[in-house]
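The shown structure was predicted, so the numbers you read here are calculated from the model rather than taken from an experiment.
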There are 2 protein chains.
Amino acid sequence: MFSKRCEYGLRALTVIGEAGKEDRKVGIKEICNLAKTPESFTAKILQDLVRRNIIDSLKGPNGGFYFSKNLDDISIYDVVLAIDGEEIFTKCGLGLSECNAKKPCPFHNQFETVRSELFKVCSNNSLNELLEGFYKQVYNR
Amino acid sequence: MFSKRCEYGLRALTVIGEAGKEDRKVGIKEICNLAKTPESFTAKILQDLVRRNIIDSLKGPNGGFYFSKNLDDISIYDVVLAIDGEEIFTKCGLGLSECNAKKPCPFHNQFETVRSELFKVCSNNSLNELLEGFYKQVYNR
DNA sequence: CAAATATAGGACTAAAAAGTCTTTTATGCA
DNA sequence: TGCATAAAAGACTTTTTAGTCCTATATTTG
């Protein structure tokens with residue numbers, strides 16, 4: 001459904017978000033240890049999220065990744081959009097380039113329910129909601 | 001959402017299905033011309049679908065691909081399962097290996113609605129239903 | 001049986017996604 | 001100012017997915 005980049009990115013963000021609650025920046029090593037994601041690869045993804053203004057970062061001692069925005073204001077949709085783009089929320093289920101909302105393929109409207117359900121789940125959940133419970137269940141904290 | 005293999009496969013099957021209504025087998029060239037899929041690649045996919053008993057084939061003059069089953073008895077789900085496997089219908093939205101129905105991540109149940117909607121659309125639609133209208137709209141027939 | 005036709009199979013190449021490694025740049029602190 | 005630390009950047013490698021091409025095999029028909 002989502003790319004690895006996107007999965008890793010979301011998981012990394014939960015770690016950054018949790019640390020943010022203690023007003024703490026997190027380094028890439030700590031992030032990847034907890035989120036169980038490959039380090040160099042995750043670093044690339046986070047670099048990207050910095051460029052796209054989802055998170056911020058600071059170099060040097062006591063540096064690391066952190067949120068300057070409120071976690072309630074960032075939805076999972078925002079993150080997926082930033083990493084994977086909009087395709088998953090809009091593309092024809094059968095991959096027909098001829099198919100769109102104006103000239104739908106016979107399957108289009110049925111798939112619309114899947115797409116809109118996906119959009120609903122992603123846009124109704126903020127990163128804050130994602131990391132609640134996530135920490136307990138996945139990282140056992 | 002689905003792989004190219006899967007998209008091409010489904011499109012090819014609509015051509016085979018339509019020809020079947022005139023009791024006609026179709027060769028790979030005709031299939032790919034109509035379905036607008038790459039020929040050699042599509043041939044591989046169809047070979048696979050023959051092995052998996054979705055379609056049948058016959059070599060030699062007047063040979064080609066055809067259905068021996070009733071198109072009403074083959075769902076889109078069957079085809080997706082044969083080509084892409086079950087992952088898309090079962091896998092955790094966030095790609096967590098620790099997450100499953102018994103020990104769900106906080107997101108699992110919300111994603112469940114997406115997965116089950118996808119399953120519903122795929123299993124409630126037979127290939128027969130897929131190619132109805134498909135032909136008119138996509139192939140202008 | 002020979003020739004023509006069409007799928008099957010196997011060995012490729014190409015492109016995209018995933019992942020690594022090394023060097024550079026920015027920051028804090030002694 | 002200089003050293004340690006941590007992210008940024010860039011050039012890689014690896015793996016997976018997509019796609020091609022050539023040869024073998026099966027089938028029909030003259």
Side-chain angles (χ1 to χ4, degrees), chain A residues 1-13 15-16 19 24-33 35-68 80 82-85 87-88 91 95 97, chain B residues 1-13 15-16 19 24-33 35-68 80 82-85 87-88 91 95 97:
Chain A
M1 182 101 67
F2 301 134
S3 68
K4 292 278 175 198
R5 279 173 59 81
C6 197
E7 289 178 10
Y8 295 165
L10 281 165
R11 279 150 65 181
L13 290 183
V15 179
I16 300 171
R24 202 162 57 79
K25 302 190 191 71
V26 223
I28 189 69
K29 283 203 183 73
E30 184 181 344
I31 292 170
C32 295
N33 281 341
K36 283 178 194 134
T37 60
E39 197 175 309
S40 304
F41 192 41
T42 307
K44 291 289 182 199
I45 299 164
L46 294 182
Q47 272 177 42
D48 223 77
L49 290 173
V50 169
R51 271 190 291 264
R52 290 169 190 277
N53 293 311
I54 304 275
I55 48 175
D56 286 272
S57 69
L58 203 69
K59 292 180 180 178
N62 282 312
F65 297 94
Y66 63 99
F67 283 98
S68 51
V80 173
I83 300 182
D84 277 354
E87 274 214 338
I88 187 90
K91 216 186 99 183
S97 52
Chain B
M1 184 102 65
F2 301 135
S3 68
K4 292 280 174 197
R5 281 174 59 82
C6 197
E7 288 178 10
Y8 295 165
L10 281 166
R11 278 149 68 180
L13 290 183
V15 178
I16 300 171
R24 203 161 56 78
K25 303 190 190 69
V26 224
I28 189 70
K29 283 203 184 69
E30 184 181 345
I31 292 171
C32 296
N33 280 342
K36 285 181 191 128
T37 61
E39 198 175 308
S40 304
F41 191 40
T42 307
K44 291 288 181 200
I45 298 164
L46 293 183
Q47 272 177 43
D48 222 77
L49 290 173
V50 169
R51 271 191 292 264
R52 289 169 189 277
N53 293 312
I54 305 274
I55 49 174
D56 286 273
S57 69
L58 205 69
K59 291 179 180 178
N62 282 313
F65 296 94
Y66 63 99
F67 282 97
S68 52
V80 174
I83 300 182
D84 277 355
E87 274 215 339
I88 187 89
K91 215 186 100 184
S97 53

Identify, between A:S3 and A:G60, the residue whose nearest nucleotide on DNA chain C lies closer to the 5' end. A:S3
Please test A:N62 against A:K25 for side-chain contact (heavy atoms from CB on, under 4.5 Å), starting from the C-alpha separation and ending with a verdict. CA-CA 7 Å; A:N62 282 312; A:K25 302 190 191 71; 5.9 Å; no
Roughly how many Å is it from NZ in B:K29 to P in D:dT20, rounded to a whole number? 14 Å
Using a heavy-atom distance cut-off of less than 4.0 Å, which residues of residues 40-57 of chain B contact DNA chain D? B:S40, B:F41, B:K44
Whole-Å distance separating the CD atom of B:E39 from the C1' atom of D:dC22: 14 Å
D:dT5, OP1 or OP2 - any side-chain N/O from A:N62 closer than 4.0 Å? no
To the nearest 0.5 Å, tell me how far A:L13 CG sits from A:I83 CD1. 6.5 Å
What verdict does the side-chain contact (heavy atoms from CB on, under 4.5 Å) test give for A:R5 and A:F41, after you've listed the backbone C-alpha separation in whole Å, the side-chain angles of each residue and the deciding distance to 0.1 Å? CA-CA 8 Å; A:R5 279 173 59 81; A:F41 192 41; 3.7 Å; yes
Before giving the answer on side-chain contact (heavy atoms from CB on, under 4.5 Å), spell out for A:I45 and A:T37 the whole-Å C-alpha distance, their side-chain angles and the decisive distance to 0.1 Å. CA-CA 11 Å; A:I45 299 164; A:T37 60; over 6 Å; no
Looking at every strand, decide which applies to B:Y66 at a 4.0 Å heavy-atom threshold: base, sugar-phosphate, or nothing. nothing
What is the distance from CZ of B:F65 to C1' of D:dT27, rounded to the nearest Å? 14 Å
Chain A contact limits on DNA chain C, taken 5' to 3' with a cut-off of 4.0 angstrom to heavy atoms: C:dA18 to C:dC29
Distance from A:I16 atom CD1 to A:Y66 atom OH, nearest 0.5 Å? 11.5 Å
Which whole-number value in Å describes the distance from B:E87 CD to D:dT16 C1'? 13 Å
Relative to the 5' end of DNA chain C, which residue comes earlier, B:V26 or A:K4, by the nucleotide with the nearest heavy atom? B:V26
How long is the span from the CE atom in A:M1 to the CD atom in B:E87, to the nearest 0.5 Å? 11.0 Å
Expressed in angstrom and rounded to an integer, what is the separation of A:N33 atom CG from D:dA6 atom P? 13 Å
Rounding to a whole Å, what distance do you find between B:K59:NZ and D:dT28:P? 12 Å
Check: A:F65 and A:V26 side chains under 4.5 Å, non-hydrogen atoms: no
Could you go through the side-chain contact (heavy atoms from CB on, under 4.5 Å) check for B:N33 and B:E30 one step at a time? CA-CA 5 Å; B:N33 280 342; B:E30 184 181 345; 5.7 Å; no
Would you give the length of the straight line joining atom CD of B:Q47 to atom OG1 of B:T42, rounded to the nearest 0.5 angstrom? 11.5 Å
Grab the NZ-P distance between B:K25 and D:dA26 for me, whole Å please. 18 Å
Atom-pair distance (OH on B:Y8; C1' on D:dT20), nearest Å: 13 Å
